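Chain naming here is simple, since letters A, B, ... match the order of the sequence lines and numbering starts at 1 in each. From a predicted model like this one, the values you see are computed outputs, not experimental measurements.
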Amino acid sequence: MLDKTFQPETIELDYYNEWEGSGIFAAKPESNNAPFTVMMPPPNVTGSLHMGHALNMTLQDILTRYARMQNKDALWQPGTDHAGIATQMVVERQLESEGKHRRDLGREGFLEKVWEWKEESGGTIVNQLRRLGATPDWDRERFTMDEGLSTAVRRVFVRLHKEGLIYRDKRLVNWDPKLHTAVSDLEVEQREVKGHMWHIRYPIEGEQERFITVATTRPETMLGDTAIAVNPEDERYKELIGKFAVLPICNRPIPIVADEYSDPEKGSGAVKITPAHDFNDFEVGKRHNLPMINIFDESACISDEAPEAYRGLDRYEARKKVLQELEELDLLVEVEDIKHSVPYDEKTKTTVIEPFLTDQWYVDAETLAKPAIEAVRSGKTEFVPKQWENTYFSWMENIQPWCISRQLWWGHRIPAWYGPDGSIFVAETEDEAMVEAKARFGDGVILRQDDDVLDTWFSSALWPFSTLGWPDETPELAKYYPGDVLITGFDIIFFWVARMMMMGIHFMDEVPFKKVYIHALVRDSKGQKMSKTKGNVINPLDLIEKYGTDALRFTLTAMAAQGRDIRLSEDRVEGYRNFATKLWNAARYCEMNECRPVVGFDPTKLDGTLNKWIVSEVVKAKQGIETALDLYKFNDAANSIYHFTWGTFCDWYLEFSKPVLNGDDAALKEETRQTTGWVLDQILTLLNPFMPFVTEKLFEEMADRGDEGRLIASQWPQYGAELVNEDAVTKIDWLMRFISEIRSVRSDMNVPAGAKIKLLVKDACAKTQEGLQEYDVILKQMARLSDIEIIDGEPPKGSIQTVVDKTMLILPIADIIDLDQERDRLRKQIGKLELDIKKISQKLEDKRFISNAPEEIIAEQKSRREEAEMIRNKLSQALKQLEAA
RNA sequence: GGGCACGUAGCUCAGUGGGAGAGCACUACGUUGACAUCGUAGGGGUCGGCAGUUCAAUCCUGCCCGUGCCCACCA
């Protein structure tokens, strides 16, 4: 017996453990079933579940469960990402609290510590995914630094290097002066801040009292200036080209060069060039063979390249000193207050990133991007919604060399070794590198491995095939690559999706997934991005605790409309918790009335119209879900099952069934019981991918299905349009309208809800008369009628009158209602109809409408007008009668 | 500066070239052996503004206003 009240938390863990233990999550590469592959975006091993995960994982879980029920061999590949910087920072902070630094432990010792941390605390998110009811194949869980995945990383690195697609280069990178590592362009957040523009004049060499003025937001960088650029077409400066300016403070002559980069419209038209500390200047410097003076050290303190007085100063202290000195020299012309953007490290949000000249490893992304662009153009991979393809293209078509080295310890160490003369040996193992080195330098050569590790995204880029065993040719790789769909947020299209496309196509000769579904961002109820600093983070686990997993999952799904962000409000979650409760209570009703699924029940062989009708409605709901899921319209799928369950099954069918079950037609009773049991079973099945827990529980309660009887392992129903009975649909549609109309009028006229009143029916056609007879008991109960009588003559004086189809419904209750109110009601109704008729008539009298509009539209308008006129006439008559009274 | 979304009921959001929808909130009434985490009924919207295309525009096009995001630049 089901408990009277529904308490989600009492069932969730038990079922989850049982499912997982049953092996149902596992992919079965040896089976002949068609594969369905989803690669889980591996969450950071340091992470804990946030709303974005909850949405992302719920959608993947729905598709996976749905595929499984359709008898596909589903592989949902789970795992976690080693998250280089994030993880290293966590452990460093831990050390810091013990008063230690990673240097104290040394590389080996530190890595040991990180692994320790990973073993102890790394599993948090994985267990939180279980709370969410996610059903990936846990037996195949991978970690990006697993043995196998690391092998794949080295193989890829070596191959790309051999192909010339990985190379070493000295360029400007975004440098984090606190972490002492290069970071990706994508990890730099441009933030608008208030600042100053300083206008500085540099004396022209060999000339008295002649200056050239430049402007900068970063005066300290002038210590590294190696030129001034002017536009070759700029008349003001033409004769200065080729001459030298004297760099103040350093007193170093720097050339005045002509370069298109300089825009005569901006500032003074002359630009100071600091090739080692500005991306544009770097390009100018290369064009003019300018020296690149690196005035910073790794911590962005002034290096030995600068005048002695500045050495060791932090960049902001150096700025102050430079300004002070310029002022003393009377070279500071103007200070402007401006707003400008400053590059911050996206992770810590506190460090200002410094363009810094270093040697790094790069991937030739431009070459790899070409086929990846083509794959989306040709539709081999499709984005849903389509508009994200623009984002993908615009980035891929302007892609920059991908800097893949990071000056960290935690990550895949770069498989490159340096010989005594600095020559490089790239190989998968040190032994292999050594073989090559010995061939060159002879025995006894000493190699030093590159200290750097790879960008975390390098290994995640391989995820779609490295997790399947590549570079070995495994059965899994053959069966599950390429994936069917990748589900992810737009924020990692560049970081991850693009890189998987490049690597997948290059190494597998095939795209890694056929569809990319980009889901919404989950915001708070005010539309703000959730962030720890804003303190508006809603923790999914709190909601699960309060309302249950099913409610949270259903909320996220129902709100996952394409192309729009989700503003999550707790009210919605509460509403869908109520939905689960509703379902629970419906099941209790079924239980009490012994409406249980019966083996061998055949929905095609039914006598009762109500039963034929509800079966038809089940089919429509099922088709609605299927169509929606095929198009990744998760919200439509959720709404389809929601409205069927609540609005059709509970609100109407169960109410219809009550008089039947209390009646004395034994055969119909039995059929109705069986049908009700069957429909509930269908609801549970169709709803299961969305709300796995409550449906599983009810499925178990409603019938004894033996050991194999888990809903999670059940089949998705096969039936279709053959179960739809249009005749029954028409009939019951009439019945519902009939009941609704009486209820509505009663309520309008303040007829006491409990009062049973008599209904007189006039102008009833044969079908209506038939319906009145067939559903006599239902009508009386649901519309609270004492009696239904068909009349021919005039209605009694002072009745309430209304119209359904062509039938007059008359409630002779002059004694309990206010007739003035009834007159008002009729006038209002008639007024509305008149307005309708007028609008339609205007159209129908418009010759252009008649000659241009399609036939069906004209016919439809005509019949609408006829119907409105008919009702208006009947109501007018009723009104006249009332007025006469 | 370039691009992409979005603007529909008090709130959160679906939707469609031909009669404006849901959930929540609100109002009234609650009866019937599943359910008050509920039921029945109801009020509420010139579908951001202005033009254009069309017989017909909330929907298509253009412009404008507002909001959010992404990218680039910033002497």
Side-chain angles (χ1 to χ4, degrees), chain A residues 2 4-6 190 192 197-200 213-217 229 261-263 265-273 278-280 338-341 385 387-388 390-391 394-395 398 490-491 493-494 521 523 525 527-529 547 551 555 558-559 561 563-569 571-572 574-593 633 635-636 639 642-643 647 650-651 654-655 658-659 662 739-740 743-748 750-756 781-782 784 836 839-840 843 846-854 856-858 860-861 864 868:
Chain A
L2 291 167
K4 191 159 185 331
T5 49
F6 167 51
Q190 299 290 341
E192 188 100 320
M197 179 71 75
W198 286 277
H199 298 255
I200 308 165
T213 303
V214 296
T216 180
T217 56
Y261 166 64
S262 178
D263 182 349
E265 304 291 312
K266 285 188 186 165
S268 66
V271 200
K272 69 192 264 311
I273 300 296
D278 180 283
F279 287 94
N280 287 308
I338 57 154
K339 269 191 169 178
H340 65 134
S341 44
Q387 79 235 21
W388 291 109
N390 293 331
T391 307
S394 71
W395 191 69
N398 298 295
F490 69 87
D491 47 333
I493 290 178
F494 306 146
L521 198 71
R523 300 168 173 280
S525 59
Q528 302 266 314
K529 203 167 164 172
Y547 301 106
T555 307
M559 296 186 80
R564 193 195 265 266
D565 286 344
I566 294 177
R567 290 196 195 193
L568 189 71
S569 74
D571 287 350
R572 276 306 271 273
E574 192 183 334
Y576 289 118
R577 187 272 320 265
N578 294 353
F579 174 54
T581 307
K582 185 77 182 177
L583 178 65
W584 181 270
N585 285 312
R588 285 185 58 227
Y589 171 85
C590 293
E591 196 175 48
M592 287 172 190
N593 289 286
K633 297 198 168 181
N635 57 322
D636 287 349
N639 282 324
Y642 178 94
H643 284 119
C650 291
D651 288 350
L654 290 187
E655 295 304 323
K658 285 173 186 173
N662 291 327
I739 293 169
S740 295
R743 284 170 169 176
S744 172
V745 171
R746 288 176 62 122
S747 172
D748 275 356
N750 298 317
V751 176
K756 288 205 164 196
Q781 181 159 334
M782 291 179 71
R784 304 295 295 158
D836 253 16
K839 271 198 214 159
I840 302 170
K843 267 192 196 174
D846 186 341
K847 277 179 201 147
R848 293 179 305 169
F849 174 74
I850 298 295
S851 52
N852 284 302
E856 345 40 295
I857 297 293
I858 297 172
E860 189 192 309
Q861 295 290 325
R864 268 187 59 206

Problem set entry | Donor/acceptor link under 3.5 angstrom from A:Glu655 side chain onto base of B:A34 | yes
Seminar exercise, completed: Per atom distances to the A:Lys843 side chain, the nearest of B:G19, B:A14, B:A75 is B:G19
Exercise. At under 4.0 Å, does any side-chain N or O of A:Lys839 touch on OP1 or OP2 of B:G18?
Worked result: no
Exercise. So what's B:U54 paired with, Watson-Crick or G-U wobble, going by both distances under 3.5 Å?
Worked result: none
Problem set entry | Value in whole Å for how far the P atom of B:C70 lies from CD of A:Gln190 | 12 Å
Exercise. What does A:Val271 touch in the nucleic acid at a heavy-atom separation under 4.0 angstrom: a base, only the sugar-phosphate, or nothing?
Worked result: base
Problem set entry | Identified pairing partner of B:U37, criterion: Watson-Crick or G-U wobble below 3.5 Å | none
For this session: Give the rounded distance in Å between these two atoms: CZ of A:Phe494 and P of B:C70.
Result: 10 Å
Exercise. Does A:Lys658 put a side-chain nitrogen or oxygen below 4.0 Å from OP1 or OP2 of B:A34?
Worked result: yes
Seminar exercise, completed: Taking for A:Phe579 and for A:Ser262 the nucleotide of RNA chain B with the nearest heavy atom, the one nearer the 5' end belongs to A:Phe579
Seminar exercise, completed: Of the listed B:A41, B:U12, B:A34, the closest approach to the A:Ser744 side chain comes from B:A41
For this session: Might you work through the ring pair (Phe, Tyr, Trp, His ring centres under 6.0 Å) test for A:Tyr547 and A:Tyr576, ending with a clear yes or no?
Result: CA-CA 9 Å; A:Tyr547 301 106; A:Tyr576 289 118; over 10 Å; no
Exercise. A:Arg572 has a side chain; which of B:A34, B:G23, B:C73 sits nearest to it?
Worked result: B:G23
Seminar exercise, completed: Separation of B:G1 atom P from A:His340 atom NE2, nearest Å, is 19 Å
Exercise. So what does A:Thr581 hit on the nucleic acid, given a heavy-atom distance under 4.0 Å: a base, only sugar-phosphate, or nothing?
Worked result: base
For this session: May I ask you to say what A:Asp836 touches in the nucleic acid, namely base, sugar-phosphate or nothing, with a heavy-atom cut-off under 4.0 Å?
Result: nothing
Exercise. Do any N or O atoms from the side chain of A:Arg746 and from the backbone of A:Pro752 form a donor-acceptor pair under 3.5 angstrom?
Worked result: yes
Problem set entry | Minimum-distance nucleotide to A:Phe490 side chain [options: B:A41, B:C69, B:C35] | B:C69
For this session: Answer yes or no: does a side-chain N or O of A:Asn750 lie under 4.0 Å from OP1 or OP2 of B:A28?
Result: no
Exercise. Looking at B:A34, B:U40, B:U12, which one has an atom nearest to any side-chain atom of A:Asn585?
Worked result: B:A34
Exercise. Looking for any heavy atom pair under 4.0 Å, which part of the strands does A:Cys590 touch: base, sugar-phosphate only, or nothing?
Worked result: nothing
Problem set entry | For B:C24, the Watson-Crick or wobble partner whose two distances fall under 3.5 Å | B:G10
Exercise. Reckon A:His643 touches a base, only the sugar-phosphate, or nothing at all at heavy-atom distances under 4.0 Å?
Worked result: sugar-phosphate
I'd like a list of close polar pairs between nucleotides 53-55 of chain B and the protein, N/O only, cut-off under 3.5 Å.
{"from": "B:C55", "atom 1": "O4'", "to": "A:Arg848", "atom 2": "O", "distance (Å)": "3.3"}
{"from": "B:C55", "atom 1": "O4'", "to": "A:Asn852", "atom 2": "ND2", "distance (Å)": "3.1"}

Problem set entry | Spacing of the C1' atoms in B:G66 and B:C29 (rounded, Å) | 42 Å
Exercise. Does OP1 or OP2 of B:G18 have a side-chain N or O of A:Gln861 closer than 4.0 Å?
Worked result: no
Exercise. B:U32 pairs with which nucleotide, Watson-Crick or G-U wobble, both distances below 3.5 Å?
Worked result: none
Exercise. If you measure from the C1' atom in B:G45 to the same atom in B:A22, how many Å do you get, rounded?
Worked result: 14 Å
For this session: Take the protein atom CD of A:Gln387 and the nucleotide atom C1' of B:C6, then report the distance between them rounded to whole Å.
Result: 11 Å
For this session: Rounded to the nearest angstrom, tell me the gap between atom CG in A:Asp491 and atom C1' in B:A5.
Result: 16 Å
Problem set entry | Listed nucleotide nearest any side-chain atom of A:Arg784, set B:U32, B:A34, B:C4 | B:U32
Problem set entry | Pair partner, B:A5 [Watson-Crick or wobble, under 3.5 Å] | B:U67
Exercise. Which whole-number value in Å describes the distance from A:Ile858 CD1 to B:G18 C1'?
Worked result: 11 Å
Exercise. What nucleotide among B:C38, B:C4, B:A34 has an atom nearest to a side-chain atom of A:Asn390?
Worked result: B:C4
For this session: Report yes if a side-chain nitrogen or oxygen of A:Tyr261 is closer than 4.0 Å to either non-bridging phosphate oxygen (OP1 or OP2) of B:C74; otherwise report no.
Result: yes
Seminar exercise, completed: From NZ of A:Lys582 across to P of B:C24 the rounded distance in Å is 11 Å
For this session: State which of B:C70, B:A14, B:C29 makes the closest approach to the side chain of A:Ala753.
Result: B:C29
Exercise. Between the base of B:C74 and the side chain of A:Ser341, is there a donor-acceptor distance below 3.5 Å?
Worked result: yes
Problem set entry | Least distance between heavy atoms, A:Val271 atom then A:Val214 atom | C-CG1, 3.9 Å
Problem set entry | From B:A41, B:C24, B:C74, nucleotide with atom closest to A:Ser740 side chain | B:A41
Exercise. Which part of the nucleic acid does A:Asp263 contact within heavy-atom distance under 4.0 Å: base, sugar-phosphate only, or nothing?
Worked result: base
For this session: Kindly assign one of parallel, tilted or perpendicular to the pair A:Phe490 and A:Trp388, based on the angle between their ring planes and the thresholds 30° and 60°.
Result: parallel
Problem set entry | Distance-minimising heavy-atom pair for A:Ala586 and A:Leu654 | CB-CD1, 4.0 Å
Seminar exercise, completed: Atom CG of A:Leu2 and atom P of B:G33 are separated, to the nearest Å, by 20 Å
Problem set entry | A:Thr555 side chain vs A:Ala551 backbone, donor-acceptor pair below 3.5 Å | yes
Exercise. A:Lys4 side chain: which of B:C38, B:C74, B:C35 is closest?
Worked result: B:C35
